[in-house]
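Take a look at the structure below.
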Amino acid sequence: MIKILLIEPPAVSKFGNSRIFGACGSNKGDIRRPPLDLMMISGYLRKEGFDNTLLDANSSRRTIDDVKEIIRHISPDIIFFSTSTCTIYKDLLVARVAKELSPSITTVAIGTHVMVFPEDTFRESEYLDVIINSGEWEQVSLNIVKSLPNLEMAKGIFFRKESGDIIKTDYQAPMQNLDELGFPSHDKLEKGLYRDPTVRRFPKTMVMGQKACIGNCSFCCQPAFFGSPALRNRSVGHFIEELKWVQQLGFKEVIFNDATLTADMEWATSLFEGMLRNSIDLVWNCSTRADRVNREILKLMKRAGCHTISIGLESANSSILKNIRKNVTPQQIREAVKLIREEGIDTLVFCVIGFPGETRESILETISFLKNLDTIYITLGIAIPVPGTDFYRYLEENNYLHTKDWSMYDPLKKPVFSYPWLSSDEIYYYSTRGIRSFYLRPNYILDRILSIKSFSDVKRYLSNFIAFLKRYMLPKRV
């Protein structure tokens, strides 16, 4: 029987790194999220008869030496491992330690960065055998396992022949019936690891009911790597069965990783009603768009266990929103946040500075907008030009990029780009200034104190505040 090991590589940052489905960057605090993409691959392989081992070295804070010892103990025939742009150099160490232990191990890299730069990645590591070249990571992983050692037969990959030649195989068509993927391997997680600033109950895991996104933002990996805006939904019945299993495993909370959970309002309504009808006792948070909520569905979400909804604004400046194809207005954000808060659900509003058209004035416009918004949480991150996106191409074509040292493509570091009218130092400065000015407002602090209803609230707020101090108030940024 073939031995398969899936690895989320060790953290590069003190607080861990985001690699899930093309995410890129160091976490700003002690955020630990399960590697859902690897869990989905693991679950699908198991469903198709290939059991496997899943190792989350990132959230467990294991080192590359720890990973090496686990590889030695398991002695796998094949290793799949995640990558991201800013962690790619360290991620490739997984292939190296595997080959040092046994040259016969087939090493497979997964991620958007390696899809964009396959030849560069192979040059970077002589120990890498295969790169998945498709957004259908689950199907392609199965293709690889079934095709060993004749990788020419595996659709959706780049692989290196013994001669050193890089071969690209045929295209892997998307799977239309997502129920065929089975369930992600929640049972293979170390359950106590996972948390984020919004968490209410432990332990927590991650689920997803859709693929693709109705948006087409210029900076996002979703349209660039994972298909058109045509949503592919799992059947509600299949998704409910997963949630039942998650609950049986002892999980108390989930995060829905769907880009826009309520994109298909009919499907979402059916899901929430099914959760209520089946007495699913899970609390949860999710992401959606400001133009995909109304009072009726928010009431249903609240009853079904929703405590926090994340919404992407990115900028309060209409010109920038047009430049990045956000297709949302600040007024829609304001109205959506007001509606969500009226229904007793917390909000997290995502903002990013540094997109095309950004100026000092537009940054201050966004900060001012956020300070007058009734939201519990915000982000004010630094734009990361992820290779393969239109944003990256815009910066490269206009010679605004400073470096292609991929380790610098991290939102906790000074931007790798600047504009003639706005320097990277200024973008870096305003990111911290904006966060401080939002969270250190006396009325915000008082509101949070008055909102405390339990000892768990005290612990959550204290943990978040300590993380905020470490990240934004200490002289040296992590």
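Bear in mind the structure is a predicted one, so any value in this text is a computation, not a measurement. Residues take their numbers from the sequence shown, with the count starting at 1.
- For the pair Lys252 and Phe202, the cation does not sit on the ring face, since its NZ or CZ is not both under 6.0 Å from the ring centre and inside 45° of the axis.
- Using a 30° and 60° split on the angle between ring planes, Trp137 and Phe226 fall in the perpendicular class, above 60°.
- The existence of a salt bridge linking Glu126 and Arg96 is excluded, since no basic side-chain nitrogen approaches an acidic carboxylate oxygen closer than 4.0 Å.
- A ring-centre distance under 6.0 Å is not found for Tyr430 and Tyr428.
- Salt-bridge formation is detected for the pair Asp91/Arg19: a Lys NZ or Arg NE/NH1/NH2 atom is positioned less than 4.0 Å from an Asp or Glu carboxylate oxygen.
- Judged by a 6.0 Å distance limit and a 45° cone about the ring axis, Arg441 is positioned over the six-membered ring of Phe438.
- Annotation: Phe239 is in aromatic contact with Phe256 [ring centroid separation under 6.0 Å].
- Aromatic pair Phe391/Phe417: ring centres closer than 6.0 Å.
- Salt bridge absent: Lys68 and Asp65 never bring a charged side-chain N and a carboxylate O closer than 4.0 Å.
- Using the six-membered ring where Trp is involved, Trp284 and Phe272 have ring planes that are parallel, under 30° apart on the 30 and 60° scheme.
- A salt bridge links Lys204 to Asp196: at least one charged side-chain nitrogen sits closer than 4.0 Å to a carboxylate oxygen.
- Judged by the 6.0 Å distance and 45° axis criteria, Arg448 is positioned over the aromatic ring of Tyr444.
- With respect to the salt-bridge test (charged N to carboxylate O, under 4.0 angstrom), the residues Glu253 and Arg201 do not qualify.
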Worksheet entry | Step-by-step salt bridge (Lys or Arg N to Asp or Glu O under 4.0 Å) determination, Asp374 to Lys338 | CA-CA 7 Å; Asp374 183 26; Lys338 181 176 184 292; over 6 Å; no
Fill in: Derivation and outcome, salt bridge (Lys or Arg N to Asp or Glu O under 4.0 Å), residues Lys302 and Glu296
CA-CA 10 Å; Lys302 176 69 173 178; Glu296 181 181 6; over 6 Å; no
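- For the side chain to side chain contact (heavy atoms under 4.5 Å, CB included) criterion with Ile255, the lone passing option out of Thr205, Thr308, Asn285 is Asn285.
- Using a 4.0 Å cut-off between charged side-chain N and carboxylate O, Glu342 and Arg295 make a salt bridge.
- To the nearest 0.5 Å, atom OG1 of residue Thr359 and atom CG of residue Asn317 are 6.5 Å apart.
- Taken from CG in Leu54 to CD in Glu8, the straight-line distance is 9.0 Å, to the nearest 0.5 Å.
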